[in-house]
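Before any comments, here is the structure.
Everything numeric here is computed off the predicted structure, so don't read it as measured data.
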Amino acid sequence: MAVNNCGENSHGDCALEALGRFSFQPLPENPLLGPSASTLDAVGAVRRTLLTEHQTWRLLTAPWLHAGVFHLLINLVSVMYLGIHLEQEFGPLRSGVIYTLSALVGSLVSALFVQDSPQVGSSAALFGLVGAMLAVLIRYWRHFNDKFAALLIIFSIFTINFSVGLLPYIDNFSSIGGFISGFLLGFVALYKPQRRELPPSKVGLFDYGVQSSLKLKQKLDKPVLRIVALLLFGLVFSGCLVAALWRIDLSQYCSWCYFLNCIPSKRWSCNNMTTSCEILQSAGRNAELTLTCMANGKFRVFPFTNISPARMGDLCTLICS
């Protein structure tokens, strides 16, 4: 938010203005209580026009960005719950690898569908953990203490975070890519839970009392399943990587896919088209700036003229939406 500096760049038109430099854009501009679109571009979000300008480095930065405070908090709570659970059962190394690779694959999938609006993909890593947890549930179904409670938790985390992704700036396609990646990697890497002793009054993710440790290992260790899942992950990763490097735009073949990423509303803008505005500036002490959208004729008058071109683009998008 220090980069965004709403107080100066938006001339005080901010949410929680008392925070000064760290205040947020108005909710109609960013309903997630976060920065402007131009700030997201500046810090590394993906956008179709920027990727076509050979800024492929954004595929490595977008997975670590959040669209706003609400997005950050929901992600943080979900990652803490799933991450701690998986780390306790399978260790930090395997959980961390799934988390990182899911973020990368999600970013590659995002590049295939992203349009001309900044998108961040930090949810891809979270959805990778969700997919891995589902793989664990399927593979170890008989060893779960409370199968349907675990299934309900996975479904709830998926639904809540995917619904948040229907707001602007969060890329649900990266989340889908992360989920598929985590699901496959869950079968590859999470093949044997760590043995640990629990007090009689407590239970873990698995009911180890059903079988001996040796029998449990023999039953859960299925190398053929791991190999097939690894091959499928390799195909997904390599296919998405080649398509992203070739700058293939799959959104042009799927007109309804856009609604998986952002639901239009009067309370926020999902405008993902390149906009153009006519600019008129008046001189004198009471200088004003008038922006008129060339597409729909709407205009807005601002009581200032000292504004950056990037911020002017943000305002033009809002007027045209």
Side-chain angles (χ1 to χ4, degrees), residues 32 34 40-41 43-48 50-51 55-68 70-87 90-114 117-136 154 157-158 160-162 164-167 169-190 229-230 232-245 250 260-261:
L32 293 161
L40 291 175
D41 285 335
V43 297
V46 295
R47 184 195 284 258
R48 174 62 58 186
L50 298 177
L51 290 179
Q55 297 186 28
T56 51
W57 55 268
R58 293 178 177 273
L59 297 178
L60 299 178
T61 56
W64 315 111
L65 298 176
H66 292 84
F70 296 145
H71 185 206
L72 173 63
L73 291 177
I74 294 173
N75 258 21
L76 186 60
V77 172
S78 301
V79 168
M80 286 180 62
Y81 179 83
L82 290 176
I84 291 174
H85 219 52
L86 288 173
E87 183 177 334
F90 300 98
L93 178 60
R94 287 184 282 179
S95 302
V97 168
I98 292 175
Y99 184 87
T100 304
L101 289 179
S102 297
L104 179 58
V105 173
S107 187
L108 294 176
V109 174
S110 171
L112 306 181
F113 291 93
V114 68
S117 176
Q119 300 289 316
V120 299
S122 59
S123 294
L126 163 64
F127 274 82
L129 297 183
V130 175
M133 193 69 176
L134 181 60
V136 169
I154 294 173
I157 294 176
F158 182 98
I160 292 172
N161 284 274
F162 195 85
V164 173
L166 297 176
L167 296 173
Y169 307 131
I170 302 177
D171 197 327
N172 265 345
F173 291 109
S174 69
S175 300
I176 294 173
F179 178 81
I180 295 173
S181 174
F183 182 73
L184 294 175
L185 289 175
F187 286 109
V188 174
L190 307 183
L230 181 60
L232 290 176
F233 173 78
L235 289 174
V236 171
F237 178 81
S238 58
C240 291
L241 178 61
V242 171
L245 293 177
L250 295 181
L260 292 176
N261 213 30

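No side-chain heavy atom of Leu167 sits less than 4.5 Å from a side-chain heavy atom of His71. Counting only heavy atoms from C-beta outward, the side chains of Leu241 and Leu245 approach each other to under 4.5 Å. Using a 4.5 Å heavy-atom threshold, the side chains of Leu59 and Leu108 count as touching. You'll find the side chain of Leu86 stays beyond 4.5 Å of the side chain of Tyr99, heavy atoms only. At a threshold of 4.5 Å between non-hydrogen side-chain atoms, the residues Leu93 and Val97 count as touching. Proximity of Ile180 to Ile176: side-chain heavy atoms (C-beta onward) are separated by under 4.5 Å at one or more points. Side-chain contact between Phe233 and Val188 is absent, with no heavy-atom pair separated by less than 4.5 Å. Residues Leu185 and Leu190 are not in side-chain contact: their nearest non-hydrogen atoms beyond the backbone lie 4.5 Å or more apart.
Taking every heavy atom of both residues into account, Ala103 and Ala125 meet most closely at CB-CB, 3.9 Å. Between Leu112 and Ala243, the shortest heavy-atom contact is CD2-CB, 3.4 Å. Across all their heavy atoms, Asp41 and Leu50 have their closest contact at OD1-CD1, 3.8 Å. Tyr169 approaches Ala67 most closely through the heavy-atom pair CB-CB, 3.8 Å. Nearest heavy-atom pair, Val105 versus Gly177, reported as atom, atom and distance to 0.1 Å: CG1-O, 3.8 Å. The two residues Ile98 and Ala189 come nearest to each other via the heavy atoms CD1-CB, 4.3 Å.
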Chi angles and distances behind the side chain to side chain contact (heavy atoms under 4.5 Å, CB included) call for Leu104, Leu60: CA-CA 7 Å; Leu104 179 58; Leu60 299 178; 4.0 Å; yes

Step-by-step side-chain hydrogen bond (donor to acceptor under 3.5 Å, both in side chains) determination, Asn161 to Ser78: CA-CA 9 Å; Asn161 284 274; Ser78 301; 3.2 Å; yes

Candidate pair Val130 and Leu82, rule side chain to side chain contact (heavy atoms under 4.5 Å, CB included), full reasoning: CA-CA 7 Å; Val130 175; Leu82 290 176; 3.4 Å; yes

Steps toward side chain to side chain contact (heavy atoms under 4.5 Å, CB included) verdict (Asn261, Gln119): CA-CA 10 Å; Asn261 213 30; Gln119 300 289 316; 3.3 Å; yes

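In this structure, CG in Leu232 is found 10.0 Å from CZ in Phe183, a value given to the nearest 0.5 Å. Note that CZ of Phe179 is 12.5 Å distant from CE of Met133, once rounded to the nearest 0.5 Å. Residue Asn75 holds its CG atom at 5.0 Å from CG of Leu126, rounded to the nearest 0.5 Å. From Asn172, atom CG reaches atom CZ of Phe127 across 6.5 Å, with rounding to the nearest 0.5 Å.
Of the options Ser117, Ser110, Ser107, Ser123, a side chain to side chain donor-acceptor pair (under 3.5 Å) to Asp171 is made by Ser110 and by none of the others.
Ring geometry, Phe158 versus Phe162: the interplanar angle falls under 30°, so the pair is classed parallel (tilted spans 30 to 60°). By the 30° and 60° cut-offs, the orientation of the rings of Phe113 relative to Phe173 is parallel.
Proximity of a side-chain donor or acceptor of Arg94 to a complementary backbone N or O of Glu87 within less than 3.5 Å is not detected.
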